[in-house]
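The chains referred to below are lettered A, B, ... by the order of the sequence lines, with proteins before strands, and numbering in each begins at 1.
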Number of protein chains: 2
Amino acid sequence: MKLSTKGRYAVTAMMDLAINDREGPVTLSDISGWQGISLSYLEQLFSKLRKAKLVEGVRGPGGGYRLGKPADKISIANIILAVDESIDSTQCKGAEDCHAGDRCMTHKLWEDLSFRLYEFLDGITLADFIERPEIKRITIQQNSTSSQISRMFQPVALAS
Amino acid sequence: MKLSTKGRYAVTAMMDLAINDREGPVTLSDISGWQGISLSYLEQLFSKLRKAKLVEGVRGPGGGYRLGKPADKISIANIILAVDESIDSTQCKGAEDCHAGDRCMTHKLWEDLSFRLYEFLDGITLADFIERPEIKRITIQQNSTSSQISRMFQPVALAS
DNA sequence: TAATTACCTACTAAGTTACTAGGTATTATA
DNA sequence: TATAATACCTAGTAACTTAGTAGGTAATTA
């Protein structure tokens with residue numbers, strides 16, 4: 001798991017899609033205006049999201065992008081893995097220069113940590129965000145199957 | 001929270017320190033050999049870790065680096081924040097060009113997510129790694145105050 | 001037919017990563 | 001006391017990533 005501004009752009013753009021899902025496709029031009037990201041950079045990101053089947057493009061006037069599957073089937077991990085190519089995890093491929101001592105052990109420990117992080121981010125879906133009460137007030141009511149995780153997301157000041 | 005190879009280098013290096021804590025200071029030269037990272041790059045990373053008081057340097061022959069505080073007081077989040085300067089979270093500072101609609105809302109949602117991620121990584125300490133049974137076999141036994149989290153870290157194949 | 005959108009390729013400026021090279025300061029030990 | 005081993009510091013740089021510009025083509029609606 002890698003996490004950078006690129007991943008953040010993708011996640012917030014996907015949130016935009018999820019929130020506005022009922023009102024038809026969202027154009028990249030809109031997201032560009034909302035998020036202050038260049039249109040062409042968004043096109044690059046959405047090209048990857050489309051290949052990962054997380055979004056569908058709709059061409060022509062009135063077109064734009066829609067979620068590729070239900071919001072509760074799209075996890076934050078899905079989005080980040082689609083746009084942020086993963087970190088080259090091991091420099092010691094297999095066995096050659098990787099002696100049996102500390103080096104391989106810390107690599108193993110890192111892999112465990114990385115996997116737990118993946119599991120954490122895979123347990124949070126876009127649905128967990130659009131189900132938040134303050135968003136419900138703005139968007140049309142969902143048929144909320146209120147996830148356990150959504151309770152975790154209280155408004156909090158700190159960030160980044 | 002930003003997460004890149006730089007952060008991974010810092011975390012695995014700190015694991016090296018935690019694991020070898022009983023045998024005196026660990027030299028950057030050793031870590032450089034174990035991890036395949038250049039000595040000078042490690043120096044840059046450890047300069048930041050030292051400023052964050054996560055490590056102490058010991059000069060002269062037999063010197064090296066030691067943990068700056070007990071392993072159970074150093075979280076993964078501490079390490080990553082020390083070396084990876086955080087992502088510029090909001091492009092809409094305050095109010096000026098940030099209209100009340102979707103833009104600020106997704107920023108808020110991202111901040112919540114980011115904070116939850118921070119909490120997750122702050123809940124995992126170096127002690128949770130050196131308390132793992134397969135490491136205990138190699139290093140000297142700790143006076144294990146077996147954390148609840150350590151149970152989470154089972155060996156797992158997947159990574160990055 | 002015209003406008004609107006996705007979708008594609010090539011190029012580029014700015015920033016980050018990871019490294020090389022060259023030092024100085026401190027300290028254990030021979 | 002001299003030497004070696006280490007931390008600690010600065011400057012420069014090649015490779016890579018990020019985020020953008022520019023200029024298209026393809027599909028679709030009105």
Chemist: To the nearest Å, give me how far apart CG (Leu39(A)) and P (dT4(C)) are.
Modeler: 14 Å
Chemist: OP1, OP2 of dT18(D) versus side-chain N and O of Tyr9(A): anything below 4.0 Å?
Modeler: no
Chemist: Would the distance check show the side chain of Asn78(B) and the main-chain N or O of Ser75(B) forming a donor-acceptor pair, the cut-off being under 3.5 Å?
Modeler: yes
Chemist: Return the polar atom pairs (N/O with N/O) between nucleotides 26-29 of chain C and the protein under 3.5 Å, or none.
Modeler:
{"from": "dT26(C)", "atom 1": "O4'", "to": "Arg59(B)", "atom 2": "NH1", "distance (Å)": "2.9"}

Chemist: Let me know the distance between CG of Leu42(B) and P of dT6(D), rounded to the nearest Å.
Modeler: 14 Å
Chemist: Give a yes or no answer on whether the side chain of Asp128(B) reaches the backbone of Thr125(B) with a donor-acceptor pair at less than 3.5 Å.
Modeler: yes
Chemist: Could you check if a side-chain atom of Thr5(B) sits within less than 4.5 angstrom of a side-chain atom of Lys2(A), using non-hydrogen atoms only?
Modeler: no
Chemist: Between dT16(C) atom P and Lys2(A) atom NZ, what is the distance in whole Å?
Modeler: 13 Å
Chemist: Take the protein atom CD1 of Ile37(B) and the nucleotide atom P of dA18(C), then report the distance between them rounded to whole Å.
Modeler: 9 Å
Chemist: Choosing from dG20(D), dA7(D), dT17(C), which nucleotide comes nearest the side chain of Ser38(A)?
Modeler: dG20(D)
Chemist: Generate the contact string for nucleotides 11-16 of chain D. Rules: B means base contact, S means sugar-phosphate contact only, - means no protein heavy atom under 4.0 Å.
Modeler: ------
Chemist: Using only side-chain N and O atoms of Tyr65(A), determine if any of them is under 4.0 Å from OP1 or OP2 of dT5(C).
Modeler: no
Chemist: Indicate whether OP1 or OP2 belonging to dA5(D) is found under 4.0 Å from a side-chain N or O atom of Thr27(B).
Modeler: no
Chemist: Report which part of the nucleic acid Phe46(A) touches: base, sugar-phosphate, or nothing (heavy-atom distance under 4.0 Å, all strands).
Modeler: nothing
Chemist: For Gln35(A) and dA19(D), give me the distance from atom CD to atom P, rounded to whole Å.
Modeler: 13 Å
Chemist: Mind calculating the distance between OH (Tyr41(A)) and P (dT18(D)) to the nearest angstrom?
Modeler: 6 Å
Chemist: Is there a side-chain polar atom (N or O) of Ser4(A) under 4.0 Å from OP1 or OP2 of dT18(D)?
Modeler: yes
Chemist: Can you tell me the distance, in whole Å, between the CG atom of Asp84(B) and the C1' atom of dA18(C)?
Modeler: 13 Å
Chemist: Sorted by first residue and then second, give each side chain to side chain donor-acceptor pair (under 3.5 Å) pair with at least one member in residues 41-51 of chain A; sequence neighbours left out.
Modeler: Ser47(A)-Lys51(A), Lys48(A)-Glu85(A)
Chemist: Over all heavy atoms of both residues, which pair between Ala82(A) and Leu49(A) is shortest? Give the atoms and the distance, please.
Modeler: CB-CD2, 4.1 Å
Chemist: Glu43(B) CD to dA25(C) P: how many Å, rounded?
Modeler: 16 Å
Chemist: Counting C-beta onward and ignoring hydrogens, is there a side-chain heavy-atom pair between Leu109(B) and Thr12(A) closer than 4.5 Å?
Modeler: no
Chemist: Quick check: do Leu54(B) and Lys69(B) have side-chain heavy atoms less than 4.5 Å from each other?
Modeler: yes
Chemist: Can you tell me if Asn20(B) uses its side chain to pair, donor with acceptor, with the backbone of Asp16(B) under 3.5 Å?
Modeler: yes
Chemist: Quick one: which of dC8(C), dT18(D), dC8(D) gets closest to the side chain of Arg50(A)?
Modeler: dC8(C)
Chemist: Would you say the side chain of Phe129(B) lies within less than 4.5 Å of the side chain of Leu113(A), judging by non-hydrogen atoms?
Modeler: yes
Chemist: Indicate yes or no: does Arg116(A) engage Asp112(A) in a salt bridge with an N to O separation below 4.0 Å.
Modeler: no
